[in-house]
Amino acid sequence: MEVLGIDIGGSGVKGAIVDTETGKFVTDRVRIDTPQPSTPEAVIGVMKEIVDTLNYSGPVGVGFPAVVLDGVLMSAANVDQSWISYPGQQKMEERLGCKVTLLNDADVAGIAEMRFGAGKGRRGVVMIFTLGTGIGSSMFVNGRIVPNTELGHIYLPGQPLGQDAEDVTASSVRTNEDLSWEAWGGRLNVYFNEIEKLFSPNLIIVGGGVSKKYEEFFPYIKVRAELQPAQLRNKAGIVGAALAAIGEGM
Ligand code: BGC
């Protein structure tokens, strides 16, 4: 099937039509800056522009950086606070005139990695992390997702109270604080060891734009689990959203 996937992020809203059998884009990727403030009205307006640009009608999958329960947003970490408790999926359907499946952004990226990337065919507990502005997480048990894990917000030993793991380990922190790979890798090591202590995954997949430089920081991460870079990189969000729209991974 050819399905539209939309990936909503703090800086850009990106969409493309995806062949769900191959995971390939069948159109160019359309990217529009996330409006600021990123209110529901404004962001959904941008989604409508993408649907119109691609001249699309059909099911739409959407990844969003928040906890999403039954299409309703329960949190807003890097987007406007007015999204909290907002019935996002229903409002998107009304505005786009398409059936919408709205899920957490890291969950959809994980769905794509499990189908076409480093998690393909893998059983047991597989965890996928997206290192970006924040940290997104997704967890699969024998190929089925445990949604909304939100492990970027765990507390790390030694951290000041009130700080989340993503406040010190996200990829944006490395750039903002101009950390060396070693210094940042050391922080990731603490993070992934904590994850391992809690969940004992068989496989940890690390995604997000920085994952293309995995050789720079993987040597500092000492975990028992197998550690792999994501393969779909910045396509994972769109591909996974399209797959989610047809029920994959759930
Ligand atoms: C949000 C998550 C999201 C992640 C990556 C976190 O701050 O709480 O919902 O998956 O950022 O965008």
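In this chain, numbering begins with 1 at the start of the sequence shown. As the structure lists them, so they are numbered: ligands from 1, and atoms in each ligand from 1.
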**Asked** Taking the six-membered ring for Trp, are W184 and F217 ring centroids under 6.0 Å apart?
**Response** yes
**Message:** Under 4.0 Å from a heavy atom of A77: which atoms of ligand 1 are those, numbered in the order shown and with their elements?
**Reply:** 1 (C), 7 (O), 8 (O)
**Any donor-acceptor N/O pair, E113 side chain to G119 backbone, under 3.5 Å** = no
**Prompt:** Do M127 and I145 share a hydrophobic cluster (ILVMFWY, side-chain heavy atoms under 4.5 Å, transitive)?
**Reply:** no
**Item:** Part of A66 with heavy atoms under 4.0 Å of ligand 1, whether side chain, backbone, both or neither
**Value:** backbone
**Request:** Considering only non-hydrogen protein atoms, determine which one is nearest to atom 6 (C) of ligand 1 and report residue, atom name and distance to 0.1 Å.
**Result:** E166 OE1, 3.4 Å
**Message:** Closer than 4.0 Å to some heavy atom of P65 - which atoms of ligand 1 meet that?
**Reply:** 1 (C), 3 (C), 9 (O), 12 (O)
**Element-labelled atoms of ligand 1 that are located less than 4.0 Å from some non-hydrogen atom of H153** = 1 (C), 6 (C), 7 (O), 8 (O)
**Asked** When you measure from atom 5 (C) of ligand 1 to each heavy atom in N148, D105, L103, which option holds the nearest one?
**Response** D105
**Request:** Give the residue and atom name of whichever protein heavy atom lies nearest to atom 9 (O) of ligand 1, and the separation in Å to one decimal.
**Result:** E150 OE2, 2.5 Å
**Item:** Which of the ligand 1 atoms, numbered from 1, are nearer than 4.0 Å to a heavy atom of G136
**Value:** 4 (C), 5 (C), 10 (O)
**Asked** Looking at N78, which atoms of ligand 1 are within less than 4.0 Å of one of its heavy atoms?
**Response** 7 (O)
**Asked** Got a salt bridge between D7 and K14, using NZ or NE/NH1/NH2 to carboxylate O under 4.0 Å?
**Response** yes
**Asked** CG of D28: more than 12 outside heavy atoms within 6.0 angstrom?
**Response** no
**Prompt:** What is the ring orientation for F64 with W83, classed by angle as parallel under 30°, tilted 30 to 60°, or perpendicular over 60°?
**Reply:** tilted
**Request:** Any chance you could measure M139, atom CE, to F129, atom CZ, to the nearest 0.5 Å?
**Result:** 9.0 Å
**Asked** Counting heavy atoms only, which of I135, T149, T130 is nearest atom 11 (O) of ligand 1?
**Response** I135
